[in-house]
Amino acid sequence: MKIFSDAFPLFVLALATPMFGTVVVTTPLNGASVGPSVQFVASANTTTCSNGVAAMGIYVDNVLYYQTNGINLNTNLNLSQGSHRAVVQEWDYCGGATNTPIGLTVSSQSGVSLGSPANGNTVGSPVAYVATASTSCAYGVAAMGIYVNDQLAYVTAGSSLSTQLALGAGNQRTVVQAWDNCGGASTAPANITVTGTTLSNVQANSGWNQWGELAPVYEICTVACPGVSFSMNQHDGSVSLDGNSTQFNIGGTTPYSDVLWSNPILGQGNTQNLTDANHTLLPTLHNFTLDTYVYVTNFAVTQDLEFDINMYMNGVGMEWGTQCNHLADGDWDIWNNVNAAWMSTGVPCNLNNAAWNRVTIQAQREANNDLLYQTITVNGVTYNINMTVAPFSVPGGWWGMTLNYQMDGNYQQASNTTYLDKTSFTYW
């Protein structure tokens with residue numbers, strides 16, 4: 001739960017419900033070139049109808065190809081070669097409907113369709129790779145792989161690939177290749193420039209703040225917080241990948257109360273000599289990668305885990321909020337700054353219990369300060385989000401960036417513990 005306080009330059013906004021229906025299409029992307037078998041993944045919601053979404057469907061060139069009940073859609077359609085206009089639509093129980101149109105170009109030829117990274121792009125590390133392959137071979141695609149500077153760096157069986165690779169800074173010549181079961185092969189180049197400044201082991205740095213957020217108002221409290229208890233312990237070696245993890249704890253008696261931890265990584269309040277006192281650094285930054293390992297001790301009582309990248313300058317506030325909404329919609333959600341509400345990405349959040357999970361979030365500030373949510377990678381599987389939201393206003397004196405980590409209490413406000421380790425933040 002989020003609220004907003006002038007006392008602290010971070011984003012903790014009160015949740016509100018957007019007064020419209022939305023259809024979020026995760027794949028394919030608008031304008032994509034795809035093979036004959038096209039996977040559609042989408043989710044929908046509505047707040048204008050109290051009874052919710054009844055069904056979803058896919059139109060291709062004004063013909064209904066597919067329909068299913070509920071708020072999620074995941075299916076493959078076989079389409080003919082050429083250009084197509086697809087529309088993913090939801091119908092609610094009140095007679096309303098909303099849709100999202102997608103333009104597609106279908107090729108019947110064998111080849112590799114590269115979703116990420118785009119050839120010629122500048123990216124941060126780790127680099128997210130998402131690709132599929134098709135072939136005229138009757139026996140299908142055998143495997144796919146990634147070459148980095150002529151060296152095979154990754155290979156997987158099947159006709160799809162989703163992973164991330166840690167690459168060094170500079171120009172990297174990478175190629176995604178597919179091999180079929182008839183001895184054929186096809187490739188797609190991804191020549192990229194890896195750049196950025198990386199802040200390592202942020203979980204172990206000084207400068208962390210912590211606040212309770214008491215339900216149902218979710219006002220921030222620091223010391224006198226009856227109903228919610230919290231603590232953090234840095235440099236933990238008992239549950240750690242490198243002997244330097246940080247333990248985060250939540251408990252209390254008031255159900256659905258939250259705890260927020262925040263570190264000012266750039267600008268005001270920074271303790272690592274990165275204050276940007278001359279206001280010259282932040283305006284140049286447009287790309288961000290948050291990469292962390294999170295250990296979940298009891299996923300059954302974990303209501304929600306939230307990972308935020310916050311930026312504020314020149315009166316403009318931007319929050320790339322991403323949460324594993326485990327005990328609510330069960331998906332990874334993103335924060336809509338304008339409507340002060342969470343939006344489902346349609347990507348399920350399934351973290352491993354009593355184990356380390358690697359979570360990587362890639363985001364971008366566009367030229368007009370719109371926020372682009374690019375990808376979420378969980379335990380080596382990358383999901384294209386590609387959703388854009390607008391920024392909002394903050395006091396003109398705010399200047400900086402923060403990383404937030406938040407744990408939400410469940411209906412019993414059960415005691416819960418998680419750990420973060422090897423938390424890094426890359427910006428350029």
Side-chain angles (χ1 to χ4, degrees), residues 1 10 12 126 164 166 198-213 222 225 228-252 256-265 271-272 289-310 320-328 330 332-333 348-362 376-381 402-410 412-426:
M1 184 67 69
L10 50 93
V12 208
Q164 56 184 356
T198 298
L199 308 178
S200 301
N201 282 324
V202 177
Q203 86 287 343
N205 286 351
S206 60
W208 282 93
N209 301 297
Q210 53 184 332
W211 301 275
E213 298 174 354
T222 54
C225 297
V228 58
S229 59
F230 51 92
S231 64
M232 65 177 291
N233 302 300
Q234 292 182 294
H235 316 299
D236 188 281
S238 60
V239 180
S240 179
L241 295 169
D242 57 5
N244 204 17
S245 70
T246 296
Q247 179 192 75
F248 299 86
N249 302 290
I250 185 174
Y256 297 113
S257 293
D258 308 334
V259 180
L260 172 69
W261 292 271
S262 180
N263 192 301
I265 55 172
T271 62
Q272 311 298 317
T289 300
L290 171 60
D291 184 33
T292 189
Y293 288 83
V294 55
Y295 189 98
V296 182
T297 62
N298 189 349
F299 201 40
V301 301
T302 301
Q303 179 73 29
D304 183 290
L305 297 178
E306 182 177 334
F307 308 85
D308 302 334
I309 302 168
N310 304 320
W320 293 266
T322 307
Q323 67 173 7
C324 171
N325 200 359
H326 174 226
L327 296 182
W332 285 96
D333 299 339
C349 181
N350 298 311
L351 298 180
N352 297 322
N353 187 54
W356 286 104
N357 300 268
R358 188 178 186 182
V359 176
T360 306
I361 297 165
Q362 292 190 307
I376 300 173
T377 302
V378 183
N379 294 327
V381 179
T402 68
L403 291 185
N404 290 355
Y405 176 60
Q406 180 168 306
M407 296 174 63
D408 292 0
N410 70 350
Q412 294 177 317
Q413 198 63 18
S415 297
N416 194 13
T417 297
T418 60
Y419 297 80
L420 295 185
D421 206 351
K422 293 188 174 181
T423 304
S424 68
F425 181 68
T426 302

Exercise. Side-chain contact, heavy-atom cut-off 4.5 Å: Tyr293 with Ser245?
Worked result: no
Seminar exercise, completed: Residues passing the ring pair (Phe, Tyr, Trp, His ring centres under 6.0 Å) test with Phe230, sequence neighbours excluded, are none
Exercise. Can you name the salt bridge (Lys or Arg N to Asp or Glu O under 4.0 Å) partners of Asp291, sequence neighbours left out?
Worked result: Arg358
Exercise. Once you round to the nearest 0.5 Å, how far does OG1 of Thr322 lie from CD1 of Ile309?
Worked result: 7.0 Å
Exercise. What closest approach, in Å, do Leu260 and Glu213 show between heavy atoms, and which atom pair accounts for it?
Worked result: CB-OE2, 3.5 Å
For this session: Would you indicate whether the side-chain heavy atoms of Leu305 and Gln323 approach each other to under 4.5 Å?
Result: no
For this session: Enter the distance from Asp333:CG to Cys349:SG here, rounded to the nearest 0.5 Å.
Result: 9.0 Å
Exercise. To the nearest 0.5 Å, how far apart are OG1 in Thr302 and CG in Asn353?
Worked result: 7.5 Å
For this session: Would you indicate whether the side-chain heavy atoms of Leu290 and Thr423 approach each other to under 4.5 Å?
Result: yes
Exercise. Any chance the side chains of Thr360 and Gln164 put a donor and an acceptor closer than 3.5 Å?
Worked result: yes
Exercise. Which heavy atom in Ser229 sits nearest to a heavy atom in Val259, and how many Å separate them?
Worked result: O-CG2, 4.1 Å
For this session: Could you please spell out the steps behind the side-chain hydrogen bond (donor to acceptor under 3.5 Å, both in side chains) verdict for Asn310 and Thr402?
Result: CA-CA 5 Å; Asn310 304 320; Thr402 68; 2.8 Å; yes
Problem set entry | Minimum-distance pair of heavy atoms, taken over all atoms of Asn263 and Val202 | ND2-O, 4.4 Å
Exercise. Can you name the nearest heavy-atom pair linking Cys324 to Leu351, along with the distance?
Worked result: SG-CD1, 4.1 Å
Exercise. Sequence neighbours excluded, which residues qualify as ring pair (Phe, Tyr, Trp, His ring centres under 6.0 Å) partners of Phe307?
Worked result: Tyr405
For this session: Could you tell me whether the side chain of Leu403 reaches within less than 4.5 Å of the side chain of Phe425, counting heavy atoms only?
Result: yes
Seminar exercise, completed: Value for CD (Gln203) from OG1 (Thr292), rounded to nearest 0.5 Å, stands at 6.5 Å
For this session: Mind checking ring pair (Phe, Tyr, Trp, His ring centres under 6.0 Å) for Trp208 and listing every partner two or more places apart, or none if nothing turns up?
Result: none
For this session: Any chance you could lay out the side-chain hydrogen bond (donor to acceptor under 3.5 Å, both in side chains) test for Asn233 and Gln247, step after step, and finish with the verdict?
Result: CA-CA 5 Å; Asn233 302 300; Gln247 179 192 75; 2.6 Å; yes
For this session: Give the minimum heavy-atom separation between Trp211 and Ser262, together with the two atoms involved.
Result: CZ3-CB, 3.6 Å
Problem set entry | Contact check, side chains of Pro264 and Asn209, non-hydrogen atoms, under 4.5 Å | yes
Exercise. Taking Asp421 for the side chain and Leu241 for the main chain, is one N or O donor matched with an acceptor at less than 3.5 Å?
Worked result: yes
For this session: Would you mind reporting whether Gln272 and Ser206 have side-chain heavy atoms less than 4.5 Å apart?
Result: yes
Problem set entry | Stepwise side-chain hydrogen bond (donor to acceptor under 3.5 Å, both in side chains) test for Asn205 and Thr271 | CA-CA 8 Å; Asn205 286 351; Thr271 62; over 6 Å; no
For this session: First locate atom CH2 of Trp261, then atom OG1 of Thr246, and finally report the distance between them rounded to the nearest 0.5 Å.
Result: 11.0 Å
For this session: Could you pull out all residues at least two apart from Thr426 that satisfy side-chain contact (heavy atoms from CB on, under 4.5 Å)?
Result: Thr198, Thr289, Trp428
Exercise. In Å, rounded to the nearest 0.5 Å, how long is the span from CD of Gln413 to CD of Gln303?
Worked result: 9.5 Å
Problem set entry | Backbone N/O of Ser238 and side chain of Asp236: donor-acceptor pair under 3.5 Å | yes
Exercise. Do Asp242 and Asn201 come within less than 4.5 Å of each other through their side chains, counting heavy atoms only?
Worked result: yes
Problem set entry | By side-chain contact (heavy atoms from CB on, under 4.5 Å) - contacts of Ala414 (at least two apart) | Val301, Asn410
For this session: Check whether any side-chain heavy atom of Tyr419 lies under 4.5 Å from a side-chain heavy atom of Thr297, and answer yes or no.
Result: yes
Problem set entry | side-chain hydrogen bond (donor to acceptor under 3.5 Å, both in side chains) evaluation trace for Asn379 with Asn357 | CA-CA 6 Å; Asn379 294 327; Asn357 300 268; 3.0 Å; yes
